[in-house]
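Contents: one structure, followed by commentary.
Reckoned from all heavy atoms, side chains included, excluding hydrogens, waters and symmetry mates. Every chain is numbered from 1 and lettered A, B, ... according to where its sequence line falls, protein lines coming before strand lines. No experiment lies behind these values; they were computed from the predicted model shown.
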Amino acid sequence: MKAEENLLKVLIAEPSDILRSGLSAVLNRIPGYRLQPIETNGTEGLEHLLTLHKPDLLVVNPAFWSVSDLEHARALPANPEMKIVALASAAYSDSLLARYDEVIGMHDSTEQIKQRLDRLYAPPESPADDAADSGEQLSDREKEILVLVVKGHTNKEIAQQLYLSTHTVITHRRNIARKLEIHSTSGLTVYALVNKLVELEDFK
Amino acid sequence: MLQGKYAAYQRMNDIIADNPTLLLAVSRFGLPLGFHNRTVREVCEAHGVDTDTFVTVINFLAERDYGLDNGHAGLRLDCLIGFLRNGHRYFLDFKLPDIRAKLVRAIEANEAGAAYRDVFLRFFDEYVEEVDSHMRYEDEVAFPYVLGLLQGHKPAGYDVHVFEERHNQIDQKMLDLKNILIKYYPSEGNSFLLTDLLIDILGCGAELTGHNRVEDYLLIPAVESLEQSIINAKR
């Protein structure tokens with residue numbers, strides 16, 4: 001399951017209204033993703049849209065795009081993580097399609113499209129990590145760090161106190177934010193208090 | 001103009017009945033209720049609101065997906081900015097204080113919760129402060145820049161990037177608050193107050209997202225093309 005803030009902006013460049021809106025509708029039905037389709041009816045002005053809106057994913061119809069357009073788009077000062085997917089409305093050569101990060105076909109099911117997105121966006125961590133890390137349960141170390149954060153200690157102070165590197169503290173903090181889906185320190189304070197990890201007196 | 005489900009020749013009343021969430025946009029354009037059977041165009045003209053701008057914004061807000069093609073062509077920027085400014089007033093002077101009052105009531109209704117009151121409010125007030133400074137900056141710097149462009153003034157060193165990319169941070173704090181209440185708040189028994197508060201927060205979050213998207217996808221592209229036309233005219 002993706003975290004709430006993991007919104008993916010998807011720019012769909014496709015001249016057919018039906019294909020464009022149809023793909024938008026399918027994308028909005030994929031579980032586990034928050035996708036924001038943005039539609040444009042062609043590849044004209046695409047360069048400008050890519051630099052302005054910096055989408056995470058670009059879907060284009062190869063019928064209206066040459067290989068040099070593709071190479072050019074990859075070189076733009078847009079989103080460096082941007083993936084480019086072909087919306088293949090006809091038969092194309094494998095060598096052409098291989099230049100894209102993924103290919104969505106006309107007869108793909110929603111499930112197949114989800115699998116293609118998973119291939120592009122699946123978290124890189126190993127399955128072992130995943131199992132140990134899943135769920136919202138904080139480890140004892142994470143609770144310890146959370147309490148210190150809430151009491152107003154800096155990463156450096158926490159590192160010294162717990163004999164950790166600052167880098168490790170930052171990693172723990174990132175994991176805490178991800179597990180709880182709370183990112184601001186004042187938000188974490190409310191969490192810690194409501195869940196009795198700290199007392200009111202602790203940080204007055 | 002952005003074509004969509006709603007058109008200028010339709011009755012205002014029918015549009016609102018079809019999509020009540022548009023009421024907030026209607027009020028931010030400064031169009032008062034009491035529409036009788038008047039069409040969108042009639043209502044807009046009676047109140048000095050540019051019809052195409054109004055229709056573009058409501059079609060944009062009504063769609064989940066955004067079409068980017070020439071949606072901003074023919075937009076009247078002064079009219080759009082009036083709409084956005086009213087939006088700022090709505091959030092800062094009306095909705096967020098309203099939510100704060102409800103938050104206080106919901107917390108105090110629960111005996112254990114009363115202890116958290118100050119911490120909760122500090123969190124909420126920090127959030128409001130962030131929204132406030134972002135919106136004030138737009139009111140005081142970004143919008144006047146655009147209104148100057150309309151008069152043909154393009155001060156050196158300024159361009160469309162005066163609009164900061166800070167929308168995500170504002171959304172993030174709102175998500176934090178939502179997660180705390182939905183996932184972690186120890187409520188017991190009757191939680192009508194809390195539920196009502198949460199529905200307000202979620203509604204306000206959605207409104208704020210819509211407002212920000214009008215800026216990102218309508219205002220900013222329109223300002224860019226205006227800048228371009230001024231630069232071209234000077235050549």
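More than 12 heavy atoms of other residues, nucleotides or ligands shown are found within 6.0 angstrom of CD on A:Glu71. In this structure, A:Arg141 places its CZ atom where more than 12 heavy-atom neighbours from other residues, nucleotides or ligands lie under 6.0 Å away. Atom OH of B:Tyr90 is surrounded by more than 12 heavy atoms from other residues, nucleotides or ligands within 6.0 Å. Applying the 6.0 Å contact sphere to CZ of B:Arg105 captures no more than 12 heavy atoms from other residues, nucleotides or ligands. Crowding of A:Arg119 atom CZ: a count of heavy atoms from other residues, nucleotides or ligands under 6.0 Å exceeding 12.
Here the NE2-CD distance, from A:His48 to B:Gln228, works out to 8.0 Å after rounding to the nearest 0.5 Å. If you take NZ on B:Lys178 and CD1 on A:Ile182, they are separated by 12.0 Å, rounding to the nearest 0.5 Å. Summarising the geometry, atom CG belonging to B:Asp216 is positioned 8.0 Å from atom NE2 belonging to A:His53; distances are rounded to the nearest 0.5 Å.
Only the side chain of B:Glu224 comes within less than 4.5 Å of a heavy atom in chain A; its backbone stays farther off. If you measure heavy-atom distances from A:Leu27 to chain B, you find no contacts under 4.5 Å at all. In this structure, the portion of A:Asn195 lying under 4.5 Å from any heavy atom of chain B is its side chain and not its backbone. The part of A:Leu11 that comes within reach of chain B is its side chain, from C-beta onward, which places non-hydrogen atoms under 4.5 angstrom from that chain. If you measure heavy-atom distances from B:Ile220 to chain A, the contacts under 4.5 Å come from the side chain alone.
Listed options A:Val10, A:Leu49, A:Asn28 were ranked by heavy-atom pairs under 4.5 angstrom with chain B; first place goes to A:Asn28.
Residues B:Glu126 and A:Ser184 have side chains not in contact (no heavy-atom distance under 4.5 Å, counting atoms from C-beta outward). Using a 4.5 Å cut-off on side-chain heavy atoms (C-beta onward), B:Asp176 and A:Tyr191 make no contact. The shortest distance between side-chain heavy atoms of B:Phe120 and A:Leu193 does not fall below 4.5 Å.
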Next on the checklist: With side chain to side chain contact (heavy atoms under 4.5 Å, CB included) as the criterion, how do A:Gln36 and B:Arg213 come out once you've worked through the C-alpha distance, each side chain's angles and the decisive distance to 0.1 Å?
Outcome noted: CA-CA 11 Å; A:Gln36 175 56 65; B:Arg213 287 181 179 161; 3.2 Å; yes

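Applying side-chain contact (heavy atoms from CB on, under 4.5 Å) to A:Val190 and the options B:Leu121, B:Leu181, B:Ile180 leaves one that passes, B:Ile180.
Contact between A:Lys9 and B:Tyr217 at its shortest, heavy atoms only, is CD-OH, 3.3 Å.
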